2 protein chains.
Amino acid sequence: MNNYSKQREAILDVMKENLVHPTAEEIYHFVLEKEPQISKSTVYRNINILVELGEIKKLNMTVGPDRYDYLYKEHSHAICEKCGNIFDFYDDFNKDKISKELLKQIGNNMDINSITIYGICEDCKSNNKK
Amino acid sequence: MNNYSKQREAILDVMKENLVHPTAEEIYHFVLEKEPQISKSTVYRNINILVELGEIKKLNMTVGPDRYDYLYKEHSHAICEKCGNIFDFYDDFNKDKISKELLKQIGNNMDINSITIYGICEDCKSNNKK
DNA sequence: ATCGAAATTAGGAATTATTCCTAATTTTAA
DNA sequence: TTAAAATTAGGAATAATTCCTAATTTCGAT
């Protein structure tokens with residue numbers, strides 16, 4: 001794994017141009033405009049490779065399919081569990097502190113990749129239908 | 001939604017007895033021992049209801065299907081993105097502080113349900129095959 | 001540049017995870 | 001006790017993703 005292909009480059013370009021946390025399906029449609037005969041399996045395979053290479057991040061969603069984010073700058077995410085909206089934010093609670101706390105509590109020295117806050121956003125709270 | 005049924009009670013019992021973050025499929029198999037003719041759709045439907053009622057929590061996984069956790073006590077999760085292991089831990093960085101930070105940065109007063117740390121655990125770091 | 005090995009591709013089949021549908025049964029509450 | 005509302009089992013349908021294969025592209029050593 002790691003040979004050049006214009007398909008993989010087109011996918012990464014799409015991720016750089018669209019900072020909107022697209023799903024795999026959405027990435028596929030964006031890429032189709034650059035590479036009209038790319039196949040969906042190629043898109044899925046390369047998304048996984050790019051995640052593994054650390055070029056993009058996978059966002060695990062509560063509602064709907066997973067989403068992806070290009071890491072132009074280190075940041076965290078707050079995700080609404082009702083509407084699925086994703087809010088980027090820049091945290092100041094540092095990883096070192098959490099890292100030490102994890103080691104103390106679970107006895108496992110994890111490398112932290114990201115911190116995600118799950119909750120209910122303001123709009124969903126006021127549009128409360130329950 | 002909210003009538004008593006022994007099926008739903010059996011699912012909640014399974015969640016209370018198995019603090020191992022099971023998948024929906026695993027919950028189905030555990031429940032089968034109590035309710036041998038329960039159907040998988042009933043399990044899925046009730047899992048979703050119990051999540052909505054706040055009795056159990058859905059854990060969004062990077063690898064594999066989603067997992068569920070009975071909330072015997074408020075806690076956070078650290079999830080290994082490689083092996084899928086879930087570590088429960090009790091954080092001391094309080095929600096209020098993060099809440100205020102979110103409001104300041106994204107201008108949205110979210111209710112925080114949970115904080116999840118995604119990373120790579122010690123075992124996966126040392127068994128590094130890359 | 002040329003050639004063989006390794007990696008990647010398109011396209012579609014297969015698989016996995018979950019939701020939806022329907023008629024029958026169970027629960028509720030008046 | 002009874003009718004309305006909720007829930008169920010079972011299976012079909014859908015959604016999301018991975019797998020398979022033969023053809024093509026890329027790479028690296030000449």
Side-chain angles (χ1 to χ4, degrees), chain A residues 1-15 21-53 55-69 79 81-82 84 86 129-130, chain B residues 1-15 21-53 55-69 79 81-82 84 86 129-130:
Chain A
M1 148 180 134
N2 238 335
N3 278 8
Y4 170 86
S5 82
K6 63 185 197 309
Q7 290 89 340
R8 185 176 306 167
E9 190 162 62
I11 291 168
L12 190 52
D13 286 348
V14 159
M15 292 307 294
H21 317 108
T23 62
E25 183 74 24
E26 286 164 352
I27 294 169
Y28 170 62
H29 282 104
F30 283 130
V31 173
L32 269 183
E33 309 201 352
K34 292 167 190 280
E35 293 294 328
Q37 75 276 30
I38 199 171
S39 74
K40 203 175 277 189
S41 64
T42 296
V43 172
Y44 271 96
R45 186 166 24 76
N46 279 296
I47 285 174
N48 287 340
I49 290 170
L50 291 171
V51 168
E52 191 134 346
L53 294 173
E55 301 262 24
I56 63 177
K57 183 185 285 297
K58 180 176 187 172
L59 300 177
N60 307 302
M61 303 294 290
T62 300
V63 295
D66 290 334
R67 296 182 166 272
Y68 298 90
D69 191 15
I79 301 179
E81 300 196 289
K82 196 140 194 176
I86 301 168
K129 288 168 216 128
K130 201 187 299 174
Chain B
M1 149 181 134
N2 237 334
N3 279 6
Y4 170 86
S5 82
K6 64 185 196 308
Q7 289 90 338
R8 186 177 304 166
E9 189 162 63
I11 290 168
L12 190 53
D13 285 346
V14 159
M15 293 307 293
H21 317 107
T23 63
E25 184 73 24
E26 288 164 350
I27 294 169
Y28 170 62
H29 282 104
F30 284 129
V31 173
L32 269 184
E33 309 200 352
K34 292 167 190 284
E35 292 294 328
Q37 75 276 29
I38 199 172
S39 73
K40 203 175 278 189
S41 65
T42 296
V43 171
Y44 271 95
R45 186 167 24 76
N46 279 295
I47 286 173
N48 287 340
I49 289 170
L50 291 170
V51 168
E52 191 134 344
L53 293 174
E55 301 261 26
I56 64 177
K57 183 185 285 299
K58 181 177 187 172
L59 301 178
N60 307 302
M61 302 296 291
T62 300
V63 295
D66 290 334
R67 295 181 167 272
Y68 297 89
D69 192 13
I79 301 179
E81 300 195 289
K82 197 139 192 176
I86 301 168
K129 290 168 217 123
K130 205 189 291 172

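Throughout, protein chains are lettered first and strands after them, A, B, ... in sequence-line order, and every chain is numbered starting at 1. Remember, it's a predicted structure, so these values are computed and weren't measured experimentally. All values below come from the heavy atoms of this structure, side chains included, with hydrogens, waters and symmetry mates left out.
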> Contact class for A/Gln37 vs. all strands (heavy atom < 4.0 Å): base, sugar-phosphate, or nothing?
Replying inline: sugar-phosphate
> Checking all strands, does A/Thr42 fall into the base, sugar-phosphate, or nothing category for heavy-atom contacts under 4.0 angstrom?
Replying inline: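 If one applies the 4.0 Å heavy-atom cut-off, A/Thr42 turns out to touch a base.
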Determine whether [X] and [Y] make a side-chain contact, defined as any pair of heavy atoms from C-beta on separated by less than 4.5 Å.
| X | Y | value |
| --- | --- | --- |
| A/Lys6 | A/Lys34 | no |
| A/Ile56 | A/Leu12 | yes |
| A/Arg45 | A/Thr42 | yes |
| B/Thr62 | B/Ile79 | no |

Roughly how many Å is it from [atom1] in [X] to [atom2] in [N], rounded to a whole number?
| X | N | atom1 | atom2 | value |
| --- | --- | --- | --- | --- |
| A/Ile38 | D/dT25 | CD1 | P | 14 Å |
| B/Ile49 | D/dA6 | CD1 | C1' | 9 Å |
| A/Glu26 | D/dT17 | CD | P | 11 Å |
| A/Asn2 | D/dG28 | CG | C1' | 15 Å |
| A/Lys58 | D/dA16 | NZ | C1' | 11 Å |
| B/Ile47 | D/dT7 | CD1 | P | 16 Å |
| B/Glu25 | C/dT15 | CD | P | 16 Å |
| A/Lys40 | D/dT18 | NZ | P | 13 Å |

>> Let me spell it out: for each of B/Arg8 and B/Ser41, pick the nucleotide of DNA chain D with the closest heavy atom. Which residue's pick is nearer the 5' end?
In response: B/Arg8
Distance test, side-chain N/O of [X] to OP1/OP2 of [N], below 4.0 Å:
| X | N | value |
| --- | --- | --- |
| A/Tyr44 | D/dT17 | yes |
| A/Asn46 | C/dT9 | yes |
| B/Arg45 | C/dT19 | no |
| A/Tyr4 | D/dT26 | no |
| A/Asn3 | C/dA6 | no |
| A/Ser5 | D/dT25 | no |
| A/Ser39 | C/dT9 | no |
| B/Gln7 | C/dT26 | no |

> Which nucleotide, D/dT18, C/dT18, D/dT17, lies nearest any side-chain atom of B/Ala24?
Replying inline: C/dT18
>> On a heavy-atom basis, which atom in B/Asp66 and which in B/Met61 lie closest, and how many Å separate them?
In response: OD1-N, 3.6 Å
> Looking only at heavy atoms, which two atoms of A/Leu59 and A/Ile86 are closest? And how far apart?
Replying inline: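 Closest approach of A/Leu59 to A/Ile86, heavy atoms only: CD1-CD1, 3.7 Å.
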> Where each residue is assigned the nucleotide of DNA chain C containing its nearest heavy atom, which of A/Glu35 and B/Lys6 is assigned the position nearer the 5′ end?
Replying inline: A/Glu35
